[in-house]
Number of protein chains: 2
Amino acid sequence: MNKYEEIANELRRRIAESEYAEGEMLPDQIALSKEFNVSRMTLKKAIDIIAMEGLVFRKRGVGTFVLKSALWNTSDSKIDDYTGLSKQFPNKKVESKIILFDIVFPSKELQSLLMIEENDPVYHIKRLRIIDNKPYILEETYFVAGLVQQLTEETIYASIYEYIQQTLGLKIGGAYRKIHADLPNELDLLELNCTESTPILEVEQVVYLTNGTPFEYSTSRSRYDTRAYTITDIIKQ
Amino acid sequence: MNKYEEIANELRRRIAESEYAEGEMLPDQIALSKEFNVSRMTLKKAIDIIAMEGLVFRKRGVGTFVLKSALWNTSDSKIDDYTGLSKQFPNKKVESKIILFDIVFPSKELQSLLMIEENDPVYHIKRLRIIDNKPYILEETYFVAGLVQQLTEETIYASIYEYIQQTLGLKIGGAYRKIHADLPNELDLLELNCTESTPILEVEQVVYLTNGTPFEYSTSRSRYDTRAYTITDIIKQ
DNA sequence: AAGTGGTCTAGACCACACA
DNA sequence: GTGTGGTCTAGACCACTTT
């Protein structure tokens, strides 16, 4: 772990536990760099990180303040999280029910989204993610089989993302997402414990490796009352 | 203009004009820092910026490469847009119907979200945004009256965000957003031309000035079949 | 072993706010 | 003027990949 990451973690903790209270000023950078025994550059990098996350804001000539809003500390999924559900809900029972697991050739649309040819096979997976015995997310995923190799049922029951990142060593570079509401489809009615008038939240995404290669197209559907997405957006000045 | 911004601009130009072509490697950091006559730290900061924008990606031990992806570069229709609907739909007729316009004192929750006291008045506005004669978004907005001063009905019919940025000269620093699906409420049924089983997409947001002061809390509701939000998310390496 | 990007330092100077 | 955050340097060492 880098020094600046460790410092950022410690600062996050202090803010979370109100050692630095809302609206209050943090100690100045020189004092903090002395406390952590690092150079001011390194300390500033840590503050850069938590400022990007929206925890603090800085006023040149004045100081660094804790920024807070009740919305901030919710349990909603952060949209830019690739750790998988088990990490996001460490204290809950996370299970998967596999509805479909197959290898197919991609449709025209999928070829275009994943930048592959018609003879490049893709894994096609439908999973129901269950948290604390309640149906939570219905995922339909296509993985480029040439990249995400040797996917087994066993892996799908556990965490696919852990497999991709830890075992295969692939590095995720980013994602393009679309969020919209939808009417429930037949599978939703069957699996998500909802009726025909239950709104559904769907996140559609293409996920890329660091070299720009798309490796996944997926849709994640949840009942309107079980999931929300949060986005912190800070304009770079 | 800082050195690293100038260098980032120059690198953007070279990539845009294919002086560094797609997939090719940039000169290494030491060579570039010599070319621009800056320290390597400063040069790296410039590359950090264009990497965050998704123009290049870096492989430790290998080099820095020009990254291209059609999706990546068209990501300008992003969620973080503060120009107002008229700018987003330049070729369409954008109208507003004012449902409510009032000044009130904030609820406890609003006080916390906007970091104000109970005796700090807020504007309370409900507007229906209409595009090409079709109801599009139902907005409920609270502005901190001490910041967004002298709001008139006239302004609300036009663009509030233009007023805030152009006339008042306030600078928007960012926003915290939550996206979820919802059941239609009574006002939705009345104004958005929907039935009780029409899913609604709601975006809830707190918008901040550059100094971290929240000035707006709002919810924007649309029918599921009229609006989606897109997000491009590039992981910092 | 050589070359790449990533981190970190100790110190300098600048830009800005406020008293 | 004093104190804050922002930028920049010149050089060191580390982590990783390729030869």
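Throughout, a chain's letter reflects where its sequence line sits, starting with A, and its residues are numbered from 1.
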Take atom CG of B:L26 and atom P of C:dT4, then tell me their distance rounded to the nearest Å.
-> 13 Å
Closest non-hydrogen atoms of B:I7 and B:A46, given as atom of the first, atom of the second and distance, are CG2-CB, 3.6 Å
Has B:Q29 got a side-chain N or O lying under 4.0 Å from the OP1 or OP2 atom of C:dG6?
-> yes
Taking pairs as Watson-Crick (N1-N3 plus N6-O4 or O6-N4) or G-U wobble (N1-O2 and O6-N3), each distance under 3.5 Å, the stems of three or more consecutive pairs with DNA chain C are C:1-18 with D:1-18
Heavy-atom side-chain proximity of B:F105 to B:E118 below 4.5 angstrom | no
Not counting sequence neighbours, which residues clear salt bridge (charged side-chain N to carboxylate O under 4.0 Å, His left out) with A:R40? List them please.
-> none
Answer yes or no: does a side-chain N or O of A:R58 lie under 4.0 Å from OP1 or OP2 of D:dT4?
-> no
Interatomic distance, A:K34 NZ vs D:dT4 C1' [rounded to whole Å] = 14 Å
Check the distance between C:dC8's C1' and A:D48's CG and give it to me in whole angstrom.
-> 15 Å
In whole angstrom, what separates B:F36's CZ from D:dT7's P?
-> 18 Å
Find out whether A:K44 and A:T64 are in side-chain contact, i.e. whether some heavy atom of one side chain is under 4.5 Å from a heavy atom of the other.
-> no
Tell me which nucleotide among D:dT7, D:dG5, C:dT4 gets nearest to the side chain of B:D28.
-> C:dT4
For the pair made of NZ in A:K44 and C1' in C:dA15, what is the distance, rounded to whole Å?
-> 14 Å
If you measure only the distance, is there a donor-acceptor pair under 3.5 Å linking the side chains of A:R14 and A:Y20?
-> yes
Between A:Y217 and the options A:E140, A:E109, A:E204, A:Q205, the side chain to side chain donor-acceptor pair (under 3.5 Å) test singles out A:E204
Given atom CD1 of A:I47 and atom C1' of D:dG5, what is their separation to the nearest angstrom?
-> 9 Å
B:L114 and B:D120, any side-chain heavy atoms less than 4.5 Å apart = no
Give each protein N/O atom lying under 3.5 Å from an N/O atom of nucleotides 9-12 of chain D, with the pair distance.
{"residue": "D:dT9", "atom": "OP1", "partner": "B:K3", "partner atom": "NZ", "Å": "3.2"}
{"residue": "D:dT9", "atom": "OP1", "partner": "B:S39", "partner atom": "N", "Å": "3.4"}
{"residue": "D:dT9", "atom": "OP2", "partner": "B:S39", "partner atom": "N", "Å": "2.7"}
{"residue": "D:dT9", "atom": "OP2", "partner": "B:S39", "partner atom": "OG", "Å": "2.7"}
{"residue": "D:dT9", "atom": "OP2", "partner": "B:T42", "partner atom": "OG1", "Å": "2.5"}

pair B:T42-B:F36: side-chain heavy atoms closer than 4.5 Å | no
Below 4.0 angstrom from OP1 or OP2 of D:dC8, is there any side-chain N or O of B:Y4?
-> no
Taking CG from A:L11 and P from D:dG5, how many angstroms apart are they, rounded to a whole number?
-> 12 Å
Within the pair B:K45 and D:dT7, is there a side-chain N or O less than 4.0 Å away from OP1 or OP2?
-> yes
Can you tell me how far the CZ atom of B:R58 sits from the CD1 atom of B:I47, to the nearest 0.5 Å?
-> 7.0 Å
Grab the CG-P distance between B:N2 and C:dC13 for me, whole Å please.
-> 18 Å
